Amino acid sequence: MQEKVGADDTAAIWRVTYPDGRTAEVHCTPSATLTQILETRPGAMAELLEPVTPRTPAPMTGDDEKLIRAWLALIKETDPATIAEVIGQCQQDAEARDYFTGRAAVELIQKGGE
């Protein structure tokens, strides 16, 4: 068991203990910070079960960006600031990029377009 978890510690799997003593494993994709986990669980405590080791992302390819932009268009996201935020996050965070490209590929195939 980890002694101290900081608000910005990030993990894919958390063990949450609720005030009544119940426990649950919370799986997050993409990974979540302690603050994010506890926002919707007032009074709960959480511990890391699977800490994330940050990866240095390879540069985002043009194909990745094209796929993400196609998915954003599919979900009717037109706000330039939101689009820039998603693309910027994917350029800096390999886990976020994997999440968005994976989601984009699945949903574009389901909708029959690319």
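We number each residue from 1, following the sequence as shown. The shown structure was predicted, so the numbers you read here are calculated from the model rather than taken from an experiment.
The shortest non-hydrogen separation linking Pro19 to Pro42 is CG-O, 4.0 Å. Nearest approach of Glu77 to Ile83, heavy atoms of both residues: O-CD1, 3.6 Å.
No side-chain heavy atom of Cys90 sits under 4.5 Å from any side-chain heavy atom of Asp64. Using a 4.5 Å heavy-atom cutoff, the side chains of Val26 and Arg15 are not in contact. Under the 4.5 Å side-chain criterion, counting only non-hydrogen atoms from C-beta, Tyr18 is not in contact with Met45.
To the nearest 0.5 Å, the span separating CD on Glu65 from CD on Gln91 amounts to 6.0 Å. Interatomic distance, OG1 of Thr17 versus CZ of Arg22, reported as 10.5 Å (0.5 Å rounding). Here the CG-OG1 distance, from Leu108 to Thr101, works out to 11.0 Å after rounding to the nearest 0.5 Å. We find the CD-SG distance between Glu95 and Cys28 to be 9.5 Å, quoted to the nearest 0.5 Å. Going from atom CG of Leu67 over to atom CZ of Arg97 covers 12.0 Å, rounded to the nearest 0.5 Å. Here the CD-CG distance, from Gln110 to Leu74, works out to 10.0 Å after rounding to the nearest 0.5 Å.
Defined by atom type and a distance below 3.5 Å, a donor-acceptor pair is missing between the side-chain atoms of Glu47 and Trp14.
Not a single donor-acceptor pair under 3.5 Å links the side chain of Gln92 to the backbone N or O of Gln89. Gln36 places no side-chain N or O within 3.5 Å of a backbone atom of Leu38 that could act as its donor or acceptor partner.
Every residue two or more places apart in sequence or in another chain was checked for a salt bridge (charged side-chain N to carboxylate O under 4.0 Å, His left out) with Arg41, and none qualifies.
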(request) Assess whether side-chain contact (heavy atoms from CB on, under 4.5 Å) is satisfied between Thr23 and Val16, documenting all intermediate values. (result) CA-CA 5 Å; Thr23 62; Val16 175; over 6 Å; no

(request) Could you go through the side-chain contact (heavy atoms from CB on, under 4.5 Å) check for Ile87 and Arg69 one step at a time? (result) CA-CA 8 Å; Ile87 297 299; Arg69 286 181 182 277; 4.0 Å; yes

(request) Would you sort out whether Met60 and Ile68 count as a side-chain contact (heavy atoms from CB on, under 4.5 Å), showing the intermediate values? (result) CA-CA 11 Å; Met60 187 163 78; Ile68 293 166; 4.2 Å; yes

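The local environment of CG in Asp63 is sparse, with at most 12 non-hydrogen atoms from other residues, nucleotides or ligands closer than 6.0 Å.
Trp71 and Val106 sit in two unconnected hydrophobic clusters of ILVMFWY residues. Membership requires side-chain heavy atoms under 4.5 Å apart, directly or through other members.
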